Amino acid sequence: MKYKGVKGTRDILPPETDIWRHLESTAAGVFQTFGFREIRVPVMEETQVFTRSIGETSDIVEKEMYTFTDRGNRSVTLRPEGTAPVVRALVQNGVFVEHPASKFFYMGPMFRYERPQAGRYRQFHQIGAEAFGIDDPRLDAEILLMLTVLLDKLGLKNLDCQINSIGCPQCRPRFREAVKAFFAERLDGLCADCKRRYETNPLRIMDCKVPACVELRAGAPSVLDHLDEACAAHFRTLTDTLAHLGVPFTVKPTLVRGLDYYTRTTFEVVAGSLGAQNAVAAGGRYDKLVEEFGGPKTPAIGFALGVERMVSLLAETAPPAPRPALFIAALGEPAALRALSIASALRKSGVWAECGYSGSLKSQMRRADKLGARFTLIIGDEEVASGFAQLRNMETKEQELIGLDEAAKRFMD
RNA sequence: GUGAGUGUAGUUCAGCGGUUAGAGCACUGGAUUGUGGAUCCAGUUGUCGGGGGUUCAAAUCCCCUCACUCACCCCA
């Protein structure tokens with residue numbers, strides 16, 4: 001084989017593409033009922049767009065970015081996530097000035113230079129939604145509702161929607177100190193990773209899987225007890241509203257997000273059946289990001305949904321493969337031409353028709369069967385001469401004589 | 001970036017020092033000279049991932065490399 005796809009990339013072929021289409025159009029349909037409109041932004045940005053927003057020390061920036069220098073000596077990065085480019089685009093185009101409260105969705109490829117594994121690729125796809133300009137927790141609830149409506153519409157069950165609040169720039173540092181103080185005296189018992197986390201991101205110790213660390217963190221402080229009054233109230237209204245709307249959720253105080261820009265509400269939808277990479281959607285509130293991009297003070301919340309992970313969940317409930325309405329088997333030149341014109345008439349009116357062109361009738365029938373054609377029209381020299389041909393119902397095997405001129409009309413409805 | 005496992009036909013896999021490398025599925029043709037799916041018969045398909053080494057002899061053993069898979073870190 002001469003060429004292979006780049007490591008961590010994947011070709012998506014039928015019938016899988018049918019699932020992708022189904023997912024994308026269902027998402028667009030649901031988002032639209034919540035007032036979200038599509039935005040399309042470039043797949044690459046100036047590197048700073050990501051380093052400044054996601055956080056210089058986050059893993060994404062430190063080791064996972066597809067960064068290169070272009071011919072104009074600019075540092076360019078293939079987007080590792082969608083939120084930062086969207087915010088950049090909205091600020092640049094002055095959207096917040098005219099429409100301070102607006103909602104957008106996007107779908108497309110993202111890139112992260114990671115070691116591929118189940119549910120993780122270097123080029124992967126996300127469907128994301130971002131709502132700006134409203135800091136009311138009821139919007140947070142609606143976002144979660146939108147997500148559950150979508151998952152529901154897709155027929156997905158057994159998903160757990162986990163929510164948490166990580167506070168704001170005022171109360172989070174206090175919590176962080178409390179956590180550090182708690183683990184300071186237990187440092188020796190922690191695993192090597194957690195000792196590192198103690199310095200870089202102590203909140204991560206809370207979801208370490210090493211048994212010793214799990215034991216040591218018993219009685220550790222919870223974020224929810226350290227929220228300031230405003231953040232606590234925000235979270236309370238969120239959970240109350242979710243209960244009111246009937247959105248199922250579980251509060252998970254250890255839920256931490258990897259990106260620096262999150263404030264207050266964070267959430268994640270996990271599927272038990274997916275293996276190690278089990279988050280199918282995740283997001284949160286990011287009230288300071290727009291300002292950091294030079295826009296007006298604009299609170300915001302959004303999420304991204306992992307398309308590959310979703311598709312693997314949807315694989316069992318795959319939509320049935322599309323089938324041609326009519327297959328036209330042709331024997332001989334004049335018949336082949338006649339077949340082509342009948343097929344072309346059908347296609348013009350939106351009906352899928354296939355032609356057999358040439359070969360033995362047997363092989364053409366086989367192809368008709370393989371394609372799942374509902375009917376097959378058999379045309380040979382005699383039929384061209386008489387103007388009548390056999391129309392075979394592939395399921396019942398019944399055949400009837402039909403005029404070639406009416407054959408096409410028969411399938412146009 | 002770290003660790004483990006696996007690379008043989010289009011695909012799933014067998015063969016694990018000894019002729020000319022196999023099977024199922026798929027594909028093509030035939031049994032049925034113009035009628036599909038089932039059955040039967042026949043046929044096609046391979047740099048045994050790549051490179052180097054050991055050996056009389058390597059798909060098989062050793063080393064390197066690349067790719068894939070799974071897990072860790074982290075994340076959608």
Side-chain angles (χ1 to χ4, degrees), chain A residues 1-10 13 54-55 57-65 79-83 107-128 147 191-194 196-197 200-201 204 207-210 255-259 267-271 274-284 302-313 327 329-332 335 356 358-383 389-399:
Chain A
M1 207 179 310
K2 200 162 180 187
Y3 298 113
K4 277 191 274 189
V6 169
K7 188 187 180 86
T9 64
R10 229 168 64 82
L13 309 172
I54 297 171
T57 60
S58 71
D59 268 48
I60 291 182
V61 168
E62 277 188 339
K63 50 178 209 186
E64 294 171 6
M65 291 210 306
R79 60 183 186 191
E81 57 110 31
T83 303
M107 38 188 80
M110 306 292 162
F111 305 83
R112 258 118 99 161
Y113 194 88
E114 297 181 277
R115 191 87 160 249
Q117 74 183 67
R120 171 186 291 164
Y121 307 94
R122 287 187 174 177
Q123 174 175 338
F124 61 104
H125 297 75
Q126 291 188 332
I127 297 177
L147 197 44
C191 71
D193 276 331
C194 284
R196 181 178 50 76
R197 289 182 181 117
T200 58
N201 194 350
R204 282 271 175 215
D207 47 28
C208 180
K209 290 160 195 121
V210 176
L255 180 67
V256 182
R257 312 271 35 257
L259 282 48
F267 56 90
E268 200 165 280
V269 177
V270 301
L274 275 187
Q277 312 306 323
N278 63 357
V280 296
F303 66 83
L305 184 149
V307 176
E308 282 81 357
R309 294 179 187 180
M310 258 338 227
V311 168
S312 70
L313 290 178
F327 184 95
L331 298 157
S358 59
S360 70
L361 180 59
K362 184 189 183 72
S363 66
Q364 296 190 52
M365 289 298 287
R366 235 201 298 266
R367 199 155 87 79
D369 181 55
K370 191 147 298 172
L371 286 164
R374 294 172 202 282
F375 287 86
T376 299
L377 185 67
I378 301 162
I379 310 179
D381 290 338
E382 272 173 47
E383 286 78 3
Q390 292 291 337
L391 179 66
R392 180 179 178 86
N393 180 322
M394 297 298 276
E395 260 120 65
T396 64
K397 296 180 165 183
E398 281 162 15
Q399 296 195 178

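Keep in mind that this is a model prediction, so the values were computed, not measured. Lettering of chains follows the sequences in order, A, B, ..., and the numbering in each one begins at 1. All heavy atoms count here, side chains included; hydrogens, waters and symmetry mates do not.
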Closest to the A:A118 side chain: B:C70, B:A76, B:U35? B:C70

With a cut-off of less than 4.0 Å, is there a side-chain N or O of A:Q117 near OP1 or OP2 of B:A71? yes

So if I take every side-chain heavy atom of A:I378 and compare against B:A76, B:G34, B:C73, which nucleotide ends up nearest? B:G34

Give the nucleotide from the list B:C74, B:U2, B:C72 with an atom nearest to the side chain of A:E114. B:C74

Using atom C1' in both nucleotides, what's the gap between B:A26 and B:U12 to the nearest angstrom? 11 Å

Which part of the nucleic acid, if any, lies within reach of A:V307 when heavy atoms closer than 4.0 Å are counted: base, sugar-phosphate only, or nothing? nothing

Atom-to-atom span, CZ of A:F124 to P of B:A76 - whole angstrom: 7 Å

Under a 3.5 Å limit on both distances, the Watson-Crick or wobble mate of B:A23 is B:U12

So for A:E383 and B:G34, does any side-chain atom that can act as donor or acceptor lie under 3.5 Å from a complementary atom in the base? yes

I need the CZ-P distance between A:R112 and B:G1, as an integer number of Å. 17 Å

Please determine if A:R366 and A:D369 form a salt bridge, counting it only when a charged side-chain N lies under 4.0 Å from a carboxylate O. no

Please report the distance, rounded to the nearest Å, between CZ in A:R115 and C1' in B:U69. 11 Å

Atom CZ of A:R122 and atom P of B:G1 are separated, to the nearest Å, by 8 Å

Work out how far the P atom of B:G1 is from that of B:U55, and round it to whole angstrom. 36 Å

Taking the C1' atom in each of B:G37 and B:A76, what is the distance between them to the nearest angstrom? 42 Å

Tabulate atom names and distances for all N/O pairs under 3.5 angstrom spanning the protein and nucleotides 38-45 of chain B.
none

Describe the nucleic acid contact of A:E382 in one word from base, sugar-phosphate, nothing, applying a heavy-atom distance below 4.0 Å. base

Roughly how many Å apart are B:U8 and B:U47, using the P atom of each and rounding to a whole number? 11 Å

For B:U6, the Watson-Crick or wobble partner whose two distances fall under 3.5 Å: B:A67

Under 4.0 Å, heavy atoms only, any strand: does A:G8 hit a base, just the sugar-phosphate, or nothing? sugar-phosphate

Considering every strand shown, what is the Watson-Crick or G-U wobble mate of B:U28 when both distances are under 3.5 Å? B:A42

Tell me whether the OP1 or OP2 atom of B:C73 has a side-chain N or O from A:R197 closer than 4.0 Å. yes

Looking only at B:G36, B:C74, B:C72, the nucleotide nearest the A:D193 side chain is B:C72

Rounded C1' spacing from B:C74 to B:C62 in Å: 36 Å

Give each protein N/O atom lying under 3.5 Å from an N/O atom of nucleotides 28-33 of chain B, with the pair distance.
none

Any donor-acceptor pair, under 3.5 Å, between the side chain of A:Q399 and the base of B:U35, if you only look at N and O atoms? yes

If you measure from the P atom in B:U20 to the same atom in B:C48, how many Å do you get, rounded? 15 Å

Nearest to the side chain of A:R196 - B:C73, B:U69, B:C72? B:C73

Say you pick atom P in B:A9 and the same atom in B:G51; how far apart are they, in whole Å? 16 Å

Tell me whether the OP1 or OP2 atom of B:C68 has a side-chain N or O from A:K7 closer than 4.0 Å. yes

Gap in Å between the two C1' atoms, one belonging to B:A71 and one to B:U54, rounded: 35 Å

Integer-rounded Å distance: B:C74 P and A:E81 CD: 18 Å

Report which part of the nucleic acid A:G128 touches: base, sugar-phosphate, or nothing (heavy-atom distance under 4.0 Å, all strands). nothing

When only distance counts, do a donor and an acceptor, one from the side chain of A:R392 and one from the base of B:G36, lie under 3.5 Å apart? yes

